[in-house]
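Reviewing the structure listed below.
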Amino acid sequence: MPVNNRIAEDASEIAGWRRELHAVPEILYEVHRTAAYVAEKLHTFGCDEVATGIGRTGVVGVVHGRGGPGGRMIGLRADMDALPINEETGAPYASTLPGAMHACGHDGHMAMLLGAARSLCASRTFEGSVAFIFQPAEEGGAGARAMIEDGLFERFAIAEVYGMHNIPGMEIGTFAIRDTAMMAATDEFSVRLLGHGGHAAIPQQSRDPILTGAALVQALQQIAARNVDPLDSLVVSVTQFHAGFARNVIPDDAMVSGTVRSLREETRVMAEHRIGEIAAGIASAHGCQAEVSYLRNYPVTMNDPGRAAFCAGIAASVVGEAKVDRAVAPLMGGEDFSFMLERKPGAFIFIGNGDSAGLHHARYDFADEAIPYGSSYWVALVERALA
Ligand SMILES: [Zn+2]
Ligand SMILES: [Zn+2]
């Protein structure tokens, strides 16, 4: 089965929704207009239930299959939030809100899922029920976790969850997936180095936190270089170093902060542990003290092997086996659909966005040509999972 006929007929209309959503990008949890737009569409399509305000601004639409309520329910998830970027695409439907832009394609994710929702509401060609989950705050706000903590999985008896993200540089009409970690755990750390300031010309009376910080930045690289199996993956990037206020003063303290990306829980725990050890050791060697904070942010986006194989088959039914990469390399970026996959089995898949600018770039744009493939994938997934 290639692209779904009904979806093909609707494709330009779905692209129109995408462009309407693109023009009013909203940030994190403040997706009020977007959520209202989505909820209104779900009502119009004839969803049996539309719930709003879950996890502050999340929306869930439920549609029952031909047998009515009862039976198995699966969840399909899209993200709604945009980024604090000034758009430079020059598109006629470009952002009308300064300082905000759909630069990650969540406008396209919403449109593709809405397209599938309309088709499935009309056809009801499945047993059981589908929950269309639209979450806020994917971009660093853990909106998926907020929806879960607000009772997403208690209010809706969702047995499995599925998600999708567009990828620039992947040909349009292609999908990619793997049967284990798709995206990394994304953690943050900060080390405050407490020294003893003084006159820059009398360093022997000081405990220099800047020299200590310089040593720490170097030393932290040994975690990825010397503590991890070379065939495993770990990123430790120092991205902030703040210290000092005058050229002739050694300051009292310095702050070194960064991010840690990992694909395995053991590696994540090891990195957290080693940052603490190295910071304390380096600080001690320089006569300073280290205060370390480590924030566990998004977990690993972990696909269930069976569901990933199932999804690869669904994708192949839409675009053909040759257009599906079943063993794509994982990305070291994070994705908060991971919180849903921690609680329910399912799979996250990549869809090609063609030759666009990269995600989070001011000239990025979601490719409307990808819509028929994405919406058809959702429809086929529901019809096969709930056959
Ligand atoms: Zn993003
Ligand atoms: Zn995104």
Side-chain angles (χ1 to χ4, degrees), residues 18 21-22 24-31 34-35 38 55 57-59 76-89 95 97 99-114 133-147 161-170 172 175-177 181-188 235 237 239 259 261 297-303 328 330-341 346-354 356-368 370-371 373-374 377-378:
R18 202 281 290 183
L21 289 163
H22 187 91
V24 284
E26 297 174 296
I27 307 291
L28 288 170
Y29 286 94
E30 304 306 315
V31 290
T34 307
V38 165
T57 39
V59 179
L76 313 181
R77 168 275 202 179
D79 33 19
M80 296 192 285
D81 58 320
L83 286 153
I85 294 174
N86 278 312
E87 180 162 352
E88 295 175 11
T89 62
S95 170
L97 306 176
M101 172 191 179
H102 268 298
C104 204
H106 299 182
D107 49 344
H109 301 167
M110 286 185 277
M112 291 190 292
L113 192 56
L114 286 171
I133 305 166
F134 293 83
Q135 72 151 87
E138 193 288 320
E139 300 286 1
R145 185 173 62 195
M147 289 187 78
V161 288
Y162 297 93
M164 181 191 294
H165 207 292
N166 77 95
I167 301 290
M170 249 176 77
I172 289 171
F175 288 91
I177 195 166
M182 280 287 278
M183 298 188 71
T186 60
D187 298 339
E188 295 163 20
V235 178
S237 289
T239 52
T259 183
R261 310 296 173 99
N297 214 333
Y298 293 176
V300 175
T301 303
M302 188 64 76
N303 279 350
V328 69
L331 298 181
M332 296 310 280
E335 164 59 59
D336 90 337
F337 184 60
S338 53
F339 287 112
M340 296 189 184
L341 284 176
F348 193 63
I349 196 166
F350 297 146
I351 182 171
N353 200 55
S356 70
L359 298 172
H360 296 202
H361 191 281
R363 283 190 291 280
Y364 165 86
D365 197 12
F366 181 84
D368 286 330
I371 286 172
Y373 305 107
Y377 169 84
W378 286 132

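Atoms within each ligand, like the ligands themselves, are counted from 1 in listed order. Just so you know, residue 1 is the first one in the sequence shown, and it goes up from there.
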Locate the shortest heavy-atom distance separating Ala137 from Asp336; write the atom from each residue and the value.
->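 Looks like O-OD2, 3.7 Å.
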Are any of the side-chain nitrogens in Arg18 or Asp368 under 4.0 Å away from the carboxylate oxygens of its partner?
->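 Counted as a salt bridge, because a side-chain N and a carboxylate O are separated by less than 4.0 Å.
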In Glu139, the N, O or S atom nearest to the Zn ion (ligand 1) is which?
->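 Output for this pair reads OE2.
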Does His106 bring an N, O or S atom to under 2.8 Å of the Zn ion (ligand 1)?
->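 So His106 does not count as coordinating the Zn ion (ligand 1).
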Within less than 2.8 Å of the Zn ion (ligand 2), any N, O or S from Cys104?
->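 Checking the Zn ion (ligand 2) against Cys104, an N, O or S atom does fall under 2.8 Å.
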Please step through side-chain hydrogen bond (donor to acceptor under 3.5 Å, both in side chains) for the pair Thr34 and Glu26, ending with a clear verdict.
-> CA-CA 7 Å; Thr34 307; Glu26 297 174 296; 2.5 Å; yes
Would you call the rings of His102 and His22 parallel, tilted or perpendicular if under 30° counts as parallel and over 60° as perpendicular?
->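 Geometry flag for His22 against His102: tilted rings.
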